Undergrad: 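What follows is a single structure, and I will ask about it in a moment.
In what follows, chains carry the letters A, B, and so on, assigned in the order in which the sequence lines appear, proteins first and then strands, with residues in each chain numbered from 1. Predicted model only: the values in this text are computed from it and were never measured.
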Amino acid sequence: PRRTHHRAPPAATPAMNCRAEVLEVSVEGRQVEEAMLAVLHTVLLHRSTGKFHYKKEGTYSIGTVGTQDVDCDFIDFAYVRVSSEELDRALRKAVGEFKDALRSSGSDGMGQISLEFYQKKKSRWPFSDECIPWELWTIKVNVVNLANEQERQICREKVGEKLCEKIINIVEVMNRHEYLPKMPTQSEVDNVFDTSLKDVQPYLYKISYQITDSLGTSVTTTMRRLIKDTLAL
Amino acid sequence: AMDTDLSSQDRKDLDKFIKFFALKTVQVIVQARLGEKICTRSSSSPTGSDWFNLAIKDIPEVTHEAKKALAGQLPAVGRSMCVEISLKTSEGDSMELEIWCLEMNEKCDKEIKVSYTVYNRLSLLLKSLLAITRVTPAYRLSRKQGHEYVILYRIYFGEVQLSGLGEGFQTVRVGTVGTPVGTITLSCAYRINLAFMSTRQFERTPPIMGIIIDHFVDRPYPSSSPMHPCNYRAGEDNGAVYPSVEDSQEVCTTSFSTSPPSQCVFTVTKAHFQTPPPVVTDTLKVPVMGLAFSHQLSSSRLSYQPAALGVGSADMGYPLLFAGGLNAAHPHQLIGPGKDGGVPPIPSQPAHGTQADQERLCTPLDGVHYSAATPSSSEDTETVSNSSDGKCGSPHDLLETIFIRKVGAFVNKPINQVTMANLDIPFAMFAPKNVELEDNDPMVNPPDSPETESPLQGSLHSEGSSGSSTGNTHDDFVMIDFKPAFSKDDILPMDLGTFYREFQNPPQLSSLSIDIGAQSMAEDLDSLPEKLAVHEKNVKEFDAFVETLQ
């Protein structure tokens, strides 16, 4: 029988295996920052190591990661974060921008913030380096407005409970022990880890956000439903 | 046969990892129930004593108790290490809250690299444990301890005993790590029928008495190991000296290699420190408190190096009597109603009629004042401020404490809180306090649910199934049902009562519910021109979309 020769399929790149996790929360405006920080810090707690110190013969040792408790002021909730002021500042900056964008968008207060872990793949000149994501966390936020103090008190507790569930969800994903970038050699370490912080070393990450335009979303959803129904998919 | 596949060095390393993982697990759990915020520093230079590359302090007594319980053994199939967390009131009633289980099952992963992958996954599992210990109900309870109850821990080794948790307990899995000799699993089973009390009980009016029906059960295993308070510190020093950790702790020098796995280098050496170990009390503040039921607790107590705390045990001949607050790093201890997260408003003057009582209380306790910053607590403050960078821990405001003599010895409550503590009923403090507020209590008259479900919200955000917020059932009990996704474990059967409750309260079908997204026909028609205009504008996008449907 004739042998069929197939071209070797492209090696499975991390992009093809990029894990995507989506979490959704409904919060009051003043709870947005703390809720986002709680989730982002919990993810980064699991995705940060101590600083690597490379020695001869390709061995390396790892520094120590400290942790600390954070109490929320507007939510009945507490979480653990990595003890790194630099990292905390970076997250607060991103979350602050997200919160401001949400507030000023004038829409019905829906948006999402994404935390993406990626690897850099160096390309030869003239091509620029590629960023290949391997894990993507998306937090969808719905801002609610409450009428009175009693509702606010209940919201404090309910959002606290929901965040407990999210932490459990995050831990469950982390426990799957799925793809993680290979531990890099010294020359490759900056392609895998963010080595700019002085006390901890998170995997390379970037945070982005988008605010949902209420009209756009509902139109797209309606149209999709309409078309799918029509085509009986 | 499986042992022959593992080199003897790997086997030794693996046993060591499991042993220290067990010890660190206990430390994380107990420290998370001390009632305080924990803070440790990151250090870019490895010190060699930070197992799993995490800064987790070792409380000497806790290590001692854990080693005693393990008695040289390691978790294995059928031999689990359990940390039991329970609550004990000032009246002496106690209730189990959680059981944390470190178990081993037979599922082996022969291919996994011990000195590298297993080690890193154990580190990840400890991080998960740090996160999960803050989200079970007992955490919030433990942050408020000291006034009417304390949190105790007990370590045992052997078969897991979950019967003390009451019916309908929940479980949460922290994680698993496969090793060549078995899979390590870490999970927590926790009582839920106390959950609603944690948020409301000590702050507002608790409505219902007698909800807990199974807390009178005698401890079924009287010969089991003694209970220990997570944060109690004795008035008198019992003289026990625990071997400091460095005498017996082995140092882990981790060195990883990026070369092919066969050249993995990992050394574990036993080292003897010249310098004393980092003082635990750097960041772990032990509330200096005592309640008069000390005689009911086990004789084994946490005895930190008193000098470091600044309050020598010699200074206190007897248990102190105060309603918490001398511990500066503990703003969550409430005397009166107040919100979490802040220093509660404490009246600067005691209520009338209690002045004389207050003075009486203070007399026997020589030289120790309670109405303002005391000598002992100011030393406390100094020690507190020595902690790293001043960034760790909570604001170091000292709370003024008020002592008001009430019926029932050693019960201190502001006089305006009616108490039933003088009645001789168990858990009397959980009884309704201010009856006239019942009308305002949302637990009794739940308000209308402020949020309506949008069809856009995904399953991770569903509220219908939890049964706790819909108000459909007019139960007298409003349970905060912790129903984390993905946590159902086939191995543990679900409680029939829970299943039945869930079955009786299925979520509304989204197609049957009227929500924001659905609009009436008339509104649909009205909005058509506007929608058509938008569609026309985006026609290219929709064309592309239709392409994808082909």
Undergrad: Are A:Phe77 and B:Val135 packed together at the side-chain level, in the sense that at least one heavy-atom pair is separated by less than 4.5 angstrom?
TA: yes
Undergrad: For the CD1 atom of A:Ile62 and the OG atom of B:Ser45, what is their distance to the nearest 0.5 Å?
TA: 13.5 Å
Undergrad: Under 3.5 Å, is there a donor on one side chain and an acceptor on the other for B:Ser128 and A:His46?
TA: yes
Undergrad: I'd like to check the ring-ring contact (aromatic ring centres under 6.0 Å, His included) partners of A:Phe74; sequence neighbours left out, ordered by chain and number.
TA: none
Undergrad: Calculate, to the nearest 0.5 Å, the distance between atoms CZ and CG belonging to B:Arg143 and A:Asp71 respectively.
TA: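 One finds 4.0 Å between CZ of B:Arg143 and CG of A:Asp71.
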Undergrad: May I ask you to name which of A:Asp199, A:Val171, A:Val70 has the most heavy-atom pairs under 4.5 Å with chain B?
TA: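 Top count of heavy-atom pairs under 4.5 Å with chain B: A:Val171.
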Undergrad: Is A:Lys182 close to chain B through its backbone or its side chain, or both, or neither, when contacts mean heavy atoms under 4.5 Å?
TA: neither
Undergrad: So does A:Ser83 get a backbone contact from the side chain of B:Ser42, meaning a donor-acceptor N/O pair under 3.5 Å?
TA: yes
Undergrad: Are side-chain heavy atoms of B:Ile38 and A:Thr67 found at a separation under 4.5 Å?
TA: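 Counting from C-beta outward, B:Ile38 and A:Thr67 never come under 4.5 Å.
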Undergrad: Of all the heavy-atom pairs spanning B:Leu130 and A:Val80, show the shortest one and how long it is.
TA: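 Smallest heavy-atom distance, with atoms named: O-CG2, 3.6 Å.
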Undergrad: Taking all non-hydrogen atoms of both residues, which atom of A:Gln68 and which atom of B:Cys39 are closest, and how far apart?
TA: NE2-SG, 3.1 Å
Undergrad: What part of A:Val200 gets closer than 4.5 Å to chain B, counting heavy atoms only: side chain, backbone, both or neither?
TA: side chain
Undergrad: Do A:Thr64 and B:Asp50 meet the criterion of a side-chain donor-acceptor pair at a distance under 3.5 Å?
TA: yes
Undergrad: Using modelled atom types and a 3.5 Å cut-off, is there a donor and acceptor pairing between side-chain atoms of B:Thr40 and backbone atoms of A:Gly66?
TA: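 Flag not set: sc B:Thr40 to bb A:Gly66 has no pair under 3.5 Å.
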Undergrad: Please report the shortest heavy-atom distance between B:Thr176 and A:His177, naming the atom on each side.
TA: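 So the two residues come closest at O-NE2, 3.0 Å.
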Undergrad: Compare all side-chain heavy atoms of B:Ser44 with those of A:His53 and state whether any distance is below 4.5 angstrom.
TA: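 Result yes, sub-4.5 Å side-chain heavy-atom pair found.
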Undergrad: Between CZ of B:Arg173 and CG of A:Asn175, what distance do you get to the nearest 0.5 Å?
TA: 7.0 Å
Undergrad: How far does CD1 of A:Ile167 sit from OG1 of B:Thr133, to the nearest 0.5 angstrom?
TA: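 Output value for this atom pair is 11.0 Å.
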Undergrad: Looking at side-chain heavy atoms only, is the closest gap between A:Asp69 and B:Tyr139 below 4.5 Å?
TA: yes
Undergrad: For residues B:Lys127 and A:Leu45, report the shortest heavy-atom separation together with the two atoms involved.
TA: CD-O, 3.1 Å
Undergrad: To the nearest 0.5 Å, how far apart are OG in A:Ser48 and CG in B:Asn53?
TA: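 Spacing of OG (A:Ser48) from CG (B:Asn53) equals 12.5 Å.
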